[in-house]
Structures are given as structure tokens and as C-alpha cells.
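So that the names make sense, note that chain A is the first sequence line, chain B the second, and so on, each numbered from 1.
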Amino acid sequence: MKVSLTVNGKPMSGEVEGRTLLSTFLRETLSLTGTHIGCDTSQCGACTVHVDGKQVKSCTIFAADVAGAQVTTIEGMANADGTLGRVQQAFQDHHGLQCGFCTPGMVMASAALLAVNPKPTEAEVRHHLEGNICRCTGYHNIVKAVMAASGQDVSMAAE
Amino acid sequence: MQNFDFVKPASVAEAVAALGAPGAQALSGGQTLIASMKQNLAAPSVLVSLTGIAALKGVSVAGGVMTVGAATTHAEVAKAAAGVFPGLATLAGGIGDPAVRNRGTIGGSVANNDPAACYPSAVLACGATVVTNRREIAADDFFQGMFTTALEEGEIIVAVRFPIPERAAYAKFEQPASRFSLTGVFVAKYGAKVRVAVTGASNDGVFRWSEGEAALSANYDASAVKGLKVSPDGMIADLHGTPAYRANLVAVMTARAVAAS
């Protein structure tokens, strides 16, 4: 069947099977490989994208079920001129990544938090990122990056 | 994952008709079902998405009753219940993680009746009514053991109606990896009557702890359940906890729920 949706502001469509996951559709049909598949069991959060403004795990949602939706992926997080977006830049500035595999999901989850809670506490950041697993950093620098992206002091974060 | 035909009806009547096909299964938020399908634990030939049916969504409050549409997500319930029924808001806001809460629904959770799911404890403790496309089912009759409910083939949950308790709280001892309850207790007080429902602990799924109910109905205080022993018979045994550990948690989490209510 044909599925049409808006991805990063652009209308996109492609053929899918019933079982085609949104993550598969984004990566294999639309070649948007910034969305990573870490566990495929809905636990790691690397595949996090926004559907109609809400963060979801794209490995646990069928592409056909979001037909017509507005989807934002990590490729949609950069500024119009191609420079890094606010959250992305904060991750770079504060070394919020090592291998980078979880980073697309971390950025998407963090952006979803800041959209509804522009000045989160450190505890709120940690609570919000519960569904995103990083196996490199131990999370401290990720939390710092989110605090920085929200314009808050990071000196005490994760101390 | 085996392939299937995907249909997304816009009304309950169309969904019921679609579910009449051989091998058809309803899909709500899919946060359990899709994972099960990946492992071939479920392999429907037709998947009927309920997420496009507006009549199944939303929360309303009238006459001391909160009615939650079956396809309302955990995140939406957490937001809508916050001021009116904080015990339910806490429960909904503690399920899984933010992404799961944006997809998973109350109807899906209740219909699946996972023995460690959070929602069944609130439904049972509140003596809520499960409204389907065919009838109304009292919570005491609805849950019939692990992954088993009173739902018949082709029957869809439309809404869950909660009489809003005077005091209530949910206390979950979390399995840290999955955030399911290792043992979770929902306590609901209606006048002198207190109901206590336990999830995550028993091989039979959610159950009412009658001894705790009696003690709390006589004295609604966390101290009332101190010293009460729960039998480990029939409790879940896994690498996270022994039956005796879970049995002990029943009274511990009940006391915490009362203190938080």
C-alpha cells in the first residue's frame, strides 16, 4: 500500500507492507539513515522521532499507522542554513556523545522535553531520558548538554 | 515479523466488522503487541488499528466519574487526570518512558492484562467499569488471570469509567529495566470502604488484597497494614524477585500508597 506523510516539512510517500515499521520506512524507503535502530525491542530509544510533535520510538510503530502525520527526524533538527540546531550544538559543545549511536534519539527526546518544559531541572531531564540508553557516556554530559540547550547553568549539572 | 493486512477504520462499527475477518486482531498503541509480533508471539493476518477512531479518545469528568476513552494515551491521561484524580495521573505518568506514554493506551493495557501492567490495578481498586461495544463489565468480573479477560472475540473496549476516589495513590516497586511493576499497589478510598489492588506480584495477574482492605477500612493509615503477612503461594518467581520477596512487597507498597494518598 502507499503511505504519504510529511517528513521534516516535506511531503513524502512510498510503498509499504502492513508490517513495515516507521524506522524501516524512514531508513530504507526515504534513505533518512540518521534515525538509528539500536535494539529493535523498544528499549534503547535510538530510533526516537517526533510524530505530530510527540516523541515516539519509530521501531514500535507501523508506517501505515502514521499516514498523513507530520514526522520530524534528526535530519530535520539542523538550522535552515545547515548549521547545527540548538540541541545538536549543545551536545557537541558539552561532549554529550562518544560513539554517537544513541545521539539521534537523545537529541529528539531532549528536544521534545524542551518543547513542553523549556527550563527543566536536572532531575526532570534525567527522568525524561529514561527511555534512551547510552552505553558510552554515563549520561552526565548528555544532561549537561540538555541543560545548556535550555539556556541554564550547567556547572552543577551531574555533579 | 509475518506480514498482515493493515486496516485503519474511522468508527467502532467499522472496526468490529474488520475484526470479523479470520485471524484479525485489534491494534491500539502497539507498545506491547508490536514487540510480541516481532518475536512471532502474535501473528495476526489482519491488523485493525483503533488509533483513528475519534470516539475512543479523550477524558471527561462528570458527577464524580472520570471516563477515559480506550484509545487515550498514557501521556494524555497523566495530563487530564492531574488535577482531578492525581492517583491515576501518577500511575499513567509512570508507565514505561515518555515515548511509550505517547503511544500506549489504557484500552490496550487493560485488554492485554499483563500481570505486571500498571493500569489493571487502578481499574480493579476503583471498581471501575469497562465499557465495550457490547456491554459494561465490572472490574471484579473483567480480569480473569494472566493475559486473560472477560472480553469475547471481536469485542472492543470503548472506555473505562472510574468512580473518582476520595483518596487514592499508586505505589510501584519498579523493575528498573522494563519499568513494569515488580509489585505495584493501587489503594482507593471511598468513604469508609477501601479497596487495594496488586499488580506484578501474582501468577494470576492483578488481585485484590482483602486482608489489607479490611485493615485499611477499619483504620486508614499506613501503620494499619504493618505486620500483615501475605502468602507467597502463587506469587511470581523470576530473576528479579522470589515469591516471598514479592509477597513482602505487597504490604510494603500498600503502606507507601496509603502514605502517598
Quiz prompt | side chain to side chain contact (heavy atoms under 4.5 Å, CB included) between A:H94 and A:M147, intermediate numbers included | solution = CA-CA 10 Å; A:H94 294 274; A:M147 296 301 278; over 6 Å; no

Practice problem: Could you give me the CA-CA distance, side-chain angles and deciding distance for A:Q92 and A:L84, then say whether side chain to side chain contact (heavy atoms under 4.5 Å, CB included) is met? | Solution: CA-CA 9 Å; A:Q92 186 183 68; A:L84 294 180; 4.1 Å; yes

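Closest approach of A:C44 to A:G38, counting heavy atoms only: SG-CA, 3.6 Å.
A donor-acceptor pair shorter than 3.5 Å cannot be found between the side chains of B:S121 and B:T199. Counting only N and O atoms by type, the side chains of B:S49 and B:T51 include a donor and acceptor under 3.5 Å apart. For the residue pair B:H240 / B:R246, no side-chain donor-acceptor distance below 3.5 Å is found, with atom types taken as modelled.
Taking 4.5 Å as the limit, every side-chain heavy atom of B:L182 sits out of range of all side-chain heavy atoms of B:E174. Inter-residue side-chain proximity for B:T254 and B:V187 is flagged as met; some heavy-atom pair is nearer than 4.5 Å. Between A:T60 and B:Q31 there is a side-chain heavy-atom pair separated by less than 4.5 Å. Between B:V59 and B:T67 the shortest side-chain heavy-atom distance does not fall below 4.5 Å. Side chains of B:P115 and B:F147 form a contact here, defined as non-hydrogen atoms less than 4.5 Å apart. Considering only heavy atoms from C-beta on, B:Y119 comes within 4.5 Å of B:I95 through its side chain. A heavy-atom distance below 4.5 Å is not found between the side chains of A:V143 and A:H140. Between B:M66 and B:V84 the shortest side-chain heavy-atom distance falls below 4.5 Å.
For a heavy-atom cut-off of 4.5 Å, chain B lies close to A:K54, A:Q55, A:V56, A:K57 in residues 45-57 of chain A. Contacts of residues 3-21 of chain B with chain A at a heavy-atom distance below 4.5 Å involve B:N3, B:F4, B:F6, B:K8, listed in sequence order. Taking non-hydrogen atoms and a 4.5 Å limit, the residue list of residues 4-23 of chain A in contact with chain B, ordered by number, reads A:E17, A:G18, A:R19, A:L21. Using a 4.5 Å heavy-atom cut-off against chain B, no residue of residues 95-120 of chain A qualifies as contacting.
Ring geometry for B:F85 against B:F186 counts as perpendicular: the plane angle is over 60°, on a 0 to 90° scale with 30° as the lower cut.
Rounding to the nearest 0.5 angstrom, the gap separating the CG atom in B:L33 from the CZ atom in A:F62 is 7.0 Å. The line from SG of A:C134 to OH of A:Y139 is 6.0 Å long, rounded to the nearest 0.5 Å.
Using a 4.5 Å cut-off between heavy atoms, B:L27 touches chain A through its side chain atoms alone. Using a 4.5 Å cut-off between heavy atoms, A:N132 does not touch chain B at all. Of the atoms belonging to B:Q2, it is backbone heavy atoms, and not side-chain ones, that fall under 4.5 Å from chain A.
The candidate from B:Q39, B:K38, B:M1, B:R103 with the greatest count of non-hydrogen atom pairs under 4.5 Å with chain A is B:K38. Most heavy-atom pairs under 4.5 Å with chain A, from the set B:I34, B:L47, B:V100, B:V46: that is B:I34.
Taking a cutoff of 4.0 Å between a charged side-chain nitrogen and a carboxylate oxygen, A:K144 and A:D93 do not qualify as a salt bridge. Ion pairing of B:E152 with B:R134 is present here, as a side-chain N (NZ or NE/NH1/NH2) and a carboxylate O approach within less than 4.0 Å.
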